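Worksheet: one structure, shown below.
Please read all numbers here as calculations on a predicted model, not as lab measurements.
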Amino acid sequence: MNRYSVMLLASIVLLSLLAVWTHYQPIPALDKSTMLYFRSAVDPARPIGPEWLAVHFRDITTLGSNWFLLLLTALAAITCAAKGHRDKALFILITVISGIALSFALKYGFHRPRPELVPHITKVYTSSFPSGHAMSSSLTYACLISLALHLVKERILQRCFVVTAVIIVMLVGISRVFLGVHWPTDILAGWSAGLGWFCLCRMLMSKLAQGKPA
């Protein structure tokens with residue numbers, strides 16, 4: 001098994017465990033305690049920290065919104081196509097668009113209610129499990145890392161891309177819990193689903209590339 005197969009298997013196992021856990025225990029104690037950690041002990045309606053912190057977390061969560069990620073995807077695909085890498089442009093377009101569609105399908109299938117433990121600091125319109133922001137951001141930034149590692153040869157730049165992408169994905173996930181619109185288990189499920197879908201698409205692309213005539 002290659003690394004993508006191992007990561008795909010691990011993602012499926014983790015997502016399945018989280019789905020079963022939240023089905024039989026709809027609001028685990030870990031979810032409650034983690035969400036309340038980000039709220040004032042005196043007034044749970046008020047997030048911890050200064051007022052500007054909530055403002056910045058609302059900005060950070062935009063880095064995982066579907067529209068922003070689709071814009072990044074389009075820019076990356078255009079850049080790849082312009083440099084003659086049409087297969088990679090097609091890969092990121094298909095992977096991200098299908099992944100976002102899958103996130104909506106999973107939400108519809110699991111239909112977990114949004115948290116009501118604390119007031120929401122931003123608007124939400126879909127169900128909770130898995131987190132669409134977590135899934136779409138982990139998927140999209142994994143695609144961008146994959147492209148960067150192939151197109152950029154300088155090791156220091158490769159590491160910068162990887163570290164930056166990981167930090168963004170982590171902050172997007174934390175922001176959803178901070179804003180009160182997702183349980184931590186939603187975030188973990190979203191990260192698992194996004195990484196798993198990336199690995200599956202990456203493996204399929206490799207298979208198709210091997211089958212092409214020289």
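- Applying the 6.0 Å contact sphere to NZ of K153 captures more than 12 heavy atoms from other residues, nucleotides or ligands.
- In this structure, M203 places its CE atom where more than 12 heavy-atom neighbours from other residues, nucleotides or ligands lie under 6.0 Å away.
- Looking only at side-chain heavy atoms (C-beta outward), V177 and W183 stay at 4.5 Å or farther from each other.
- Checked against side-chain hydrogen bond (donor to acceptor under 3.5 Å, both in side chains), T34 has no partners two or more places apart in sequence or in another chain.
- Residues R176 and V124 are in side-chain contact: their nearest non-hydrogen atoms beyond the backbone lie under 4.5 Å apart.
- Environment of CZ in R39: crowded, with over 12 heavy atoms of neighbouring residues, nucleotides or ligands closer than 6.0 Å.
- Connectivity analysis of hydrophobic side chains (ILVMFWY, heavy atoms under 4.5 Å, direct or indirect) links L71 to L75.
- Taking the side chain as every heavy atom from C-beta outward, P47 and I121 approach each other to under 4.5 Å.
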Worked verdict on C80 versus R86 for side-chain contact (heavy atoms from CB on, under 4.5 Å): CA-CA 6 Å; C80 288; R86 294 185 179 179; over 6 Å; no

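- A donor atom on one side chain and an acceptor atom on the other are not found under 3.5 Å apart for R58 and T62.
- Partners of F91 under the ring-ring contact (aromatic ring centres under 6.0 Å, His included) rule, at least two apart in sequence or in another chain, do not exist in this structure.
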Validation: residues 156-168 side-chain donor-acceptor distances under 3.5 Å, sequence neighbours left out:
unit_1: Q158; atom_1: NE2; unit_2: L149; atom_2: O; d: 3.2
unit_1: Q158; atom_1: NE2; unit_2: V152; atom_2: O; d: 2.7
unit_1: T164; atom_1: OG1; unit_2: C160; atom_2: O; d: 2.7

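- Among pairs with a residue in residues 104-120, those fulfilling side chain to side chain donor-acceptor pair (under 3.5 Å) read D31-R112, R112-T185, R112-D186, R114-T126, R114-H182, at least two apart in sequence or across chains.
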Stepwise side-chain contact (heavy atoms from CB on, under 4.5 Å) check, L93 with K88: CA-CA 9 Å; L93 283 173; K88 291 177 176 54; over 6 Å; no

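- Through direct or indirect side-chain contacts shorter than 4.5 Å among Ile, Leu, Val, Met, Phe, Trp and Tyr, Y24 is connected to V20.
- Partners of S103 by side-chain hydrogen bond (donor to acceptor under 3.5 Å, both in side chains), not counting sequence neighbours: none found.
- Applying the side chain to side chain donor-acceptor pair (under 3.5 Å) test to every pair with at least one member in residues 189-200, sequence neighbours left out, gives these pairs: S98-W197.
- The shortest heavy-atom contact between S128 and P115 is OG-CD, 3.9 Å.
- A 4.5 Å side-chain heavy-atom check between S131 and M135 finds every atom pair outside the cut-off.
- Residue L151 shares its hydrophobic cluster (ILVMFWY side chains chained together at separations under 4.5 Å) with no other residue.
- Here OG1 of T22 is found 10.5 Å from CG of L17. Values are rounded to the nearest 0.5 Å.
- Applying the salt bridge (charged side-chain N to carboxylate O under 4.0 Å, His left out) test to every pair with at least one member in residues 8-26, sequence neighbours left out, gives no pairs at all.
- Each of L106 and V13 belongs to its own hydrophobic cluster when Ile, Leu, Val, Met, Phe, Trp and Tyr are linked at side-chain heavy-atom distances under 4.5 angstrom.
- L204 places none of its side-chain heavy atoms less than 4.5 Å from the side chain of Y4.
- For residues 48-77, every residue pair satisfying the ring-ring contact (aromatic ring centres under 6.0 Å, His included) rule, not counting sequence neighbours, is listed here: W52-H56, F57-F178.
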Show me the side-chain donor-acceptor pairs of residues 139-148 shorter than 3.5 Å, one per line, residues at least two apart or across chains.
unit_1: T140; atom_1: OG1; unit_2: S136; atom_2: O; d: 2.7
unit_1: Y141; atom_1: OH; unit_2: L63; atom_2: O; d: 3.0

Verify side-chain contact (heavy atoms from CB on, under 4.5 Å) between L18 and F129, making sure each step is shown before the conclusion. CA-CA 10 Å; L18 289 168; F129 185 97; 4.2 Å; yes

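- Taking 4.5 Å as the limit, every side-chain heavy atom of P113 sits out of range of all side-chain heavy atoms of S127.
- Residues D43 and S40 have side chains that never bring a donor and an acceptor to within less than 3.5 angstrom of each other.
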